[in-house]
Colleague: 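The structure follows.
What you see below is based on every heavy atom in this structure, not just the backbone, and it leaves out hydrogens, waters and symmetry mates. The first residue of the sequence shown is numbered 1, and numbering continues consecutively from there.
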Amino acid sequence: FVAKNENFVALTKKVTEHVFNNEIKNLEELNKSTIDGTNFEEFLKLQISSIGENIVVRRLAFAKACCENSIVCGYVHFNKKVGVILKANCDSEATKKGAKDLLQNICMHISAMKPQYLSYKDLDVDFVEKEYLALKGSIEKENEELVRLGKQLKRIPKYASMSQITEKVLEDEKELLKEELKKQGKPEKIWDKILPGQIERFIKDNTLIDQQYALFSQQYVLDDNKTVLEAVNDKAKELGGNIEIVEYTRFEVGEGLEKKEENLYELFQKYSYTELKQLFKEAKTKDEQDFYMTLANMVLQKKQEEVIGE
C-alpha cells in the first residue's frame with residue numbers, strides 16, 4: 001500500500017518541510033516553487049515514476065505566528081488520518097503560555113467535532129436558510145412517527161442561527177416569557193433571576209445550525225457545560241488577559257473525494273458518455289479515473305436499455 005511505502009513517506013516529509021521552510025500558502029505557490037533545484041511539478045513527476053503511483057498534492061495550509069504573543073498549535077489524531085492547525089493571538093507572553101494547553105485541546109475538539117466555520121458570523125445567509133428548512137423538515141417527519149407512537153412531539157425551533165436572532169427577537173421573546181411567568185403566578189420580584197436562564201435556553205434551542213457548523217458555538221468536548229468560545233473566554237479571564245482564536249484548518253484523509261459520490265445522480269444526468277470519457281482522460285488520480293469510467297459505463301448501459309425498450 002503506497003501510504004506505507006518508505007519512499008512515499010519520505011516524499012511527504014520532504015514536501016511538508018519544503019512548504020514550511022518556504023512559507024508556501026497555497027497550491028499555486030507550491031507548483032511554482034523550486035525544490036532540489038527543480039521546479040516542483042517536475043520534481044513530483046520524477047517521484048511518481050520512482051514510486052510507481054500517481055501522486056497529487058490536493059491541499060495544503062500554512063499558519064504562522066504573526067507577532068510575539070501569537071501562537072500556532074497542531075494536532076494529529078492517533079489514526080494519522082486527521083490533522084488540525086490552529087492560530088491564536090494573546091495579549092502577553094504569560095497569557096500565551098497559560099493558554100497553550102487549552103488551545104491544544106481545542107485542536108483535538110476540532111478533530112472530533114468537524115466544525116466548518118470559526119463563528120456563526122461566517123455562515124452565509126442562504127446556507128442558514130437552507131439548513132433551517134432541512135432541519136425543520138427532519139423534525140416534522142420525526143414528529144409524524146411520534147404521533148403514531150403517542151409520544152411527546154419535538155419542538156420545532158423558530159430560528160437556526162444567532163445570525164437570525166436580532167435584539168428585537170430577544171425582546172419579544174422576553175415579553176412572552178414574562179407573560180408566561182405571570183400566568184404561572186411567579187412573583188415579579190424574582191423574574192430577573194429566572195429570565196436570563198430562559199433566554200439562554202431560547203438561544204440554545206434556536207441556534208442548532210451554529211452548534212453543528214461553527215466552532216465557537218459548539219459544546220466544548222472536555223466540558224459540555226460550556227461552548228468553545230465560553231471556554232476560551234473563561235481561560236482568558238482566569239489568566240487576566242485576552243485570547244483570540246483567529247483561524248484553524250482541519251484536514252482529513254480522503255476528505256472532498258466523497259463529494260463525487262454525493263453528486264453521482266447529478267453527474268449522471270449532466271454528462272454524456274463521450275464527455276465522461278474525456279473527464280476520465282483528464283483525471284489526475286486513479287480514484288478519479290475509476291469514478292468517471294464507472295459513471296461512463298452506467299450512462300452507456302442506460303442508453304442501451306433505452307434502445308432495447310424502443
Side-chain angles (χ1 to χ4, degrees), residues 3 8-9 11-13 15-20 23-30 55-66 70-90 96 99-124 127-128 130-131 134 160-163 207-224 226-233 235 243-263 285 287-288:
F8 177 78
V9 173
L11 172 63
T12 59
K13 184 178 179 180
V15 173
T16 301
E17 290 175 349
H18 174 67
V19 169
F20 179 79
E23 300 187 8
I24 295 171
K25 299 176 180 62
N26 54 56
L27 291 176
E28 184 178 359
E29 289 184 12
L30 176 64
I55 301 168
V56 178
V57 180
R58 293 179 54 232
R59 300 172 295 176
L60 68 86
F62 179 86
K64 181 180 180 180
C66 60
S70 182
I71 180 172
V72 174
C73 296
Y75 171 75
V76 177
H77 196 51
F78 69 87
N79 65 5
K80 306 298 183 183
K81 292 185 177 182
V82 181
V84 177
I85 53 174
L86 177 150
K87 176 181 172 182
N89 294 333
C90 302
K96 181 173 77 170
K100 185 176 180 181
D101 287 346
L102 171 67
L103 295 172
Q104 191 69 42
N105 288 334
I106 289 175
C107 283
M108 288 190 283
H109 170 101
I110 293 168
S111 170
M113 301 308 293
K114 304 180 182 180
Q116 296 182 21
Y117 302 90
L118 195 61
S119 165
Y120 73 84
K121 296 176 182 178
D122 300 321
L123 299 177
D124 180 76
F127 173 79
V128 171
K130 180 181 177 181
E131 289 295 317
S161 171
M162 196 66 199
S163 60
T207 55
L208 297 179
I209 300 303
D210 299 349
Q211 294 167 43
Q212 180 178 354
Y213 293 106
L215 173 64
F216 289 161
S217 299
Q218 291 183 332
Q219 299 302 117
Y220 183 36
V221 292
L222 296 185
D223 184 353
D224 59 9
K226 301 176 181 179
T227 64
V228 170
L229 184 59
E230 287 169 343
V232 172
N233 290 340
K235 175 57 74 171
I243 306 168
E244 179 188 14
I245 297 176
V246 292
E247 64 175 292
Y248 75 87
T249 301
R250 180 189 184 277
F251 282 162
E252 182 170 356
V253 174
E255 193 174 42
L257 296 178
E258 71 275 5
K259 290 181 179 178
K260 291 182 174 61
E261 295 178 8
E262 293 170 3
N263 296 327
T285 68
D287 285 342
E288 288 179 334

Colleague: About how many Å separate CD1 of I110 and CD1 of I245, when rounded to the nearest 0.5 Å?
Modeller: 6.5 Å
Colleague: Grab the two heavy atoms, one from V57 and one from L27, that are nearest each other, plus how far apart they are.
Modeller: O-CD2, 3.5 Å
Colleague: Do N105 and Y220 come within less than 4.5 Å of each other through their side chains, counting heavy atoms only?
Modeller: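 When only atoms from C-beta onward are counted, Y220 and N105 do touch, with a gap below 4.5 Å.
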Colleague: For T16, give me all partners under side chain to side chain contact (heavy atoms under 4.5 Å, CB included), at least two apart in sequence or on another chain.
Modeller: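 Result, side chain to side chain contact (heavy atoms under 4.5 Å, CB included) vs T16: none returned.
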Colleague: State which residues pass salt bridge (Lys or Arg N to Asp or Glu O under 4.0 Å) with K87; sequence neighbours excluded, sorted by chain then number.
Modeller: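 Here no residue qualifies.
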Colleague: Are any non-hydrogen side-chain atoms of Y120 and T207 less than 4.5 angstrom apart?
Modeller: no
Colleague: Mind listing the closest non-hydrogen atom pair of A214 and S119 along with its distance?
Modeller: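 Nearest heavy atoms, A214 then S119: CB-C, 3.7 Å.
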Colleague: Under the side chain to side chain contact (heavy atoms under 4.5 Å, CB included) test, which residues partner A112, sequence neighbours left out?
Modeller: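 Scan of A112 (side chain to side chain contact (heavy atoms under 4.5 Å, CB included), adjacent residues dropped) gives none.
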Colleague: Sequence neighbours excluded, which residues qualify as side chain to side chain donor-acceptor pair (under 3.5 Å) partners of K25?
Modeller: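 For K25, no residue satisfies side chain to side chain donor-acceptor pair (under 3.5 Å) once neighbours in sequence are set aside.
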Colleague: Got a sec, which residues hit side chain to side chain contact (heavy atoms under 4.5 Å, CB included) with I24, two or more places apart in sequence or on another chain?
Modeller: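 Partners of I24 by the side chain to side chain contact (heavy atoms under 4.5 Å, CB included) criterion, ordered by chain and then number, come out as H18, V19, N22, E29, L30, S33, L60.
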Colleague: Go through the structure and list residues passing side chain to side chain donor-acceptor pair (under 3.5 Å) with Y248, not counting sequence neighbours.
Modeller: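 For Y248 there are no side chain to side chain donor-acceptor pair (under 3.5 Å) partners, ignoring immediate neighbours.
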Colleague: Go through the structure and list residues passing salt bridge (Lys or Arg N to Asp or Glu O under 4.0 Å) with E252, not counting sequence neighbours.
Modeller: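 Applying salt bridge (Lys or Arg N to Asp or Glu O under 4.0 Å) to E252 gives R250.
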Colleague: With a 4.5 Å heavy-atom cut-off, do K96 and K100 have their side chains touching?
Modeller: no
Colleague: Hey, what do you get for CG (N26) to CZ (R59), rounding to the nearest 0.5 Å?
Modeller: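 Result: 15.0 Å between the selected atoms.
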Colleague: With a 4.5 Å heavy-atom cut-off, do F216 and V232 have their side chains touching?
Modeller: no
Colleague: Can you tell me how far CG of L103 sits from SG of C90, rounded to the nearest 0.5 angstrom?
Modeller: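 Answer rounded to 0.5 Å: 6.5 Å.
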Colleague: Rounded at 0.5 Å granularity, tell me how far SG in C73 sits from CG in L102.
Modeller: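 The distance works out to 9.0 Å.
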Colleague: Considering residues at least two apart in sequence or located in another chain, which fulfil the side chain to side chain donor-acceptor pair (under 3.5 Å) criterion with T12?
Modeller: none
Colleague: Using only atom types and a distance under 3.5 Å, with no angle test, would you say the side chain of D210 pairs donor to acceptor with the backbone of M162?
Modeller: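 It does hold such a pair.
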Colleague: For residues 107-117, which residue pairs qualify under side chain to side chain donor-acceptor pair (under 3.5 Å), counting only residues two or more places apart or in two chains?
Modeller: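 Qualifying pairs: H109-Q218.
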Colleague: Between atom CG of L86 and atom CG of L215, what is the distance when rounded to the nearest 0.5 Å?
Modeller: 7.5 Å
Colleague: If the condition is side chain to side chain contact (heavy atoms under 4.5 Å, CB included), which residues does D124 pass it with, not counting sequence neighbours?
Modeller: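 By the side chain to side chain contact (heavy atoms under 4.5 Å, CB included) rule, D124 matches D126, F127.
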Colleague: I'd like to know whether NZ of K226 has more than 12 heavy-atom contacts from other residues, nucleotides or ligands below 6.0 angstrom.
Modeller: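 Above 12, so yes.
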Colleague: Check side chain to side chain donor-acceptor pair (under 3.5 Å) between N89 and all other residues, then give those that pass, not counting sequence neighbours.
Modeller: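 With neighbours one apart ignored, the set is S70.
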Colleague: List the residues meeting salt bridge (Lys or Arg N to Asp or Glu O under 4.0 Å) with K64, not counting sequence neighbours, and say none if there are none.
Modeller: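 Only E23 meet the salt bridge (Lys or Arg N to Asp or Glu O under 4.0 Å) criterion with K64.
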Colleague: CD/E131 to CD/Q212 distance, rounded to the nearest 0.5 angstrom?
Modeller: 6.5 Å
